[in-house]
Amino acid sequence: MTAQSESVLPATLRDRWLYSPHYANVNGWRMHYIDEGKGDPVVLLHGNPTWGFLYRDMIGPLVNSGRRVIVPDMIGFGLSEKPTREQAHCLDGHIANLTALMRQLDLKRITLVCHDWGGPTGLSFAMSNPARVRALTIMSTWAWPTPPAEFHTRVFPWRMMHAPLVGPYLLGNHGALAGRGVYLSVVDRERFARAAQAAYETVLPDPATRLLTWVWPRWIPLDENARAFKRFKWLEQKLSSSKLPTLIIWGREDEVFDAATFGGRFKRLLPHAEGPHLVTGRHFLQEDSAPEIAGLITSFLDRLDVNGGQQ
Amino acid sequence: MTEVAPIKTPSLEGKRLSFALAEDRLAHYPEFRDFFVRTFDLDRKGLSEPGYVRAPSGNAYALIFIGRSGTPFPSGLEIYAVVDAFEPIDGDVLDRDLWSILRWMIGGVGVPWTVEDFDRTGRLYRVPAAPSG
């Protein structure tokens with residue numbers, strides 16, 4: 001593992017991301033992460049097409065609450081290495097990437113905060129490494145086989161945008177997901193365009209660097225022949241018997257992973273979970289409600305501390 | 001917008017193949033692979049020759065089909081513009097041609113894939129080549 005003192009971000013973004021970069025070789029890839037504070041670790045996991053920047057306004061409050069905050073950039077995103085072949089990516093491989101980092105840092109008593117593809121990867125890590133994990137926070141994601149939402153079965157726009165050749169053209173050549181895709185999935189779009197959008201686009205500057213933005217959608221199972229069907233079935237089954245303390249937070253305005261369907265299904269899967277707490281937000285709810293989400297997590301963990309880890 | 005049609009192998013004298021677009025997983029939706037197999041007679045021709053199409057700009061494009069062990073052929077596809085050897089490619093022309101080639105592909109793949117949904121998707125993401133609604 002290495003740490004670098006200078007930011008690799010352009011000057012215009014550095015004042016929004018003040019954290020020292022660290023790098024680890026995980027599963028054969030170079031993974032960027034930040035590591036701030038001391039205490040029980042809280043690991044913040046992003047999904048497609050974001051990176052640790054999504055959590056920029058949650059890191060400080062969590063560190064100030066006495067926690068160590070680790071934010072990895074998924075291989076293929078952010079400041080991590082970006083493979084240039086589709087076959088370099090698979091769901092199990094990304095779970096192994098996260099597992100490698102957690103083991104190298106020898107983290108224990110982890111609270112995993114899972115969003116989007118950080119859900120299937122982080123929750124699979126938790127279910128396969130229960131001794132390292134203390135608690136879960138689940139936001140705008142899913143953990144069961146086909147189909148995640150009616151939206152994902154439609155040709156327009158979901159299947160069309162990652163269809164063969166269309167995905168590399170639309171999401172690769174035109175960067176549609178990191179730009180307009182995220183923009184459409186926040187509540188305060190004007191603020192997002194002014195203060196955050198460039199941070200997502202800057203780290204995916206060329207078509208080849210955007211590969212994972214159309215590869216991840218292809219890993220969402222739509223039927224039982226899908227590549228990830230068995231993994232999601234396994235994950236759902238493991239979660240159904242999990243007793244890990246869990247907090248569910250959802251964006252009130254989330255139209256894709258809507259709170260009633262998805263938050264409700266997680267609640268049925270994990271009936272002991274707290275929530276769903278609804279906050280202002282669409283899919284990328286951290287962009288609209290970071291301080292409130294950080295407060296919910298801090299309060300949840302404080303209660304676990306008082307109750308000896310019991311929910 | 002869909003003035004794209006397969007053509008015979010053009011003269012490559014004084015030309016180069018300029019990389020334009022690549023797809024590693026052509027059969028992610030199998031009907032896309034089927035379209036290219038059907039259109040370019042790939043079950044008979046295999047890897048023996050590329051397919052060529054003419055795009056609205058007048059440029060020819062080579063479709064290089066990729067084989068991968070354990071996966072039905074073709075597993076992937078690379079698209080190259082056939083351009084004058086030393087001339088840089090015009091990015092706007094290339095983008096409009098690619099849009100047209102993909103639109104032609106979608107029309108050929110057929111229902112449930114429609115050029116109307118393709119156009120709507122392009123407009124949603126503000127692709128310059130997408131026709132206004």
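Throughout, a chain's letter reflects where its sequence line sits, starting with A, and its residues are numbered from 1.
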Tell me the closest heavy-atom pair linking A:Pro164 and B:Leu26, and the distance in Å. CG-O, 3.3 Å

Find the one option among B:Ile79, B:Leu77, B:Leu102, B:Val109 whose heavy-atom pairs under 4.5 Å with chain A are most numerous. B:Leu102

Against chain B, label A:Leu171 side chain, backbone, both or neither, depending on which of its atoms sit under 4.5 Å from a heavy atom there. neither

Which atoms of B:Phe35 approach chain A - backbone, side chain, both or neither, heavy atom under 4.5 Å: neither

Residue A:Leu222 versus chain B: region with a heavy atom under 4.5 Å: side chain

Going by salt bridge (Lys or Arg N to Asp or Glu O under 4.0 Å), name the residues that satisfy it together with A:Asp288, two or more places apart in sequence or in a different chain. A:Arg191

For A:Leu165, is it the side chain, the backbone, both or neither that has a heavy atom under 4.5 Å from a heavy atom of chain B? both

Record all donor-acceptor atom pairs with a distance under 3.5 Å between chain A and chain B; write none if the list is empty.
{"from": "A:Arg85", "atom 1": "NE", "to": "B:Asp24", "atom 2": "OD2", "distance (Å)": "3.3"}
{"from": "A:Glu86", "atom 1": "N", "to": "B:Asp24", "atom 2": "OD2", "distance (Å)": "2.9"}
{"from": "A:Gln87", "atom 1": "NE2", "to": "B:Asp24", "atom 2": "O", "distance (Å)": "3.3"}
{"from": "A:His162", "atom 1": "NE2", "to": "B:Tyr29", "atom 2": "OH", "distance (Å)": "2.8"}
{"from": "A:Leu165", "atom 1": "N", "to": "B:Glu23", "atom 2": "OE1", "distance (Å)": "2.8"}
{"from": "A:Tyr169", "atom 1": "OH", "to": "B:Asp95", "atom 2": "OD1", "distance (Å)": "3.1"}
{"from": "A:Tyr169", "atom 1": "OH", "to": "B:Asp95", "atom 2": "OD2", "distance (Å)": "3.3"}
{"from": "A:His174", "atom 1": "NE2", "to": "B:Asp95", "atom 2": "OD1", "distance (Å)": "2.7"}
{"from": "A:His174", "atom 1": "NE2", "to": "B:Asp95", "atom 2": "OD2", "distance (Å)": "3.4"}
{"from": "A:Arg180", "atom 1": "NE", "to": "B:Leu124", "atom 2": "O", "distance (Å)": "2.4"}
{"from": "A:Arg218", "atom 1": "NH1", "to": "B:Glu23", "atom 2": "OE2", "distance (Å)": "2.8"}
{"from": "A:Arg218", "atom 1": "NH2", "to": "B:Glu23", "atom 2": "OE1", "distance (Å)": "2.9"}

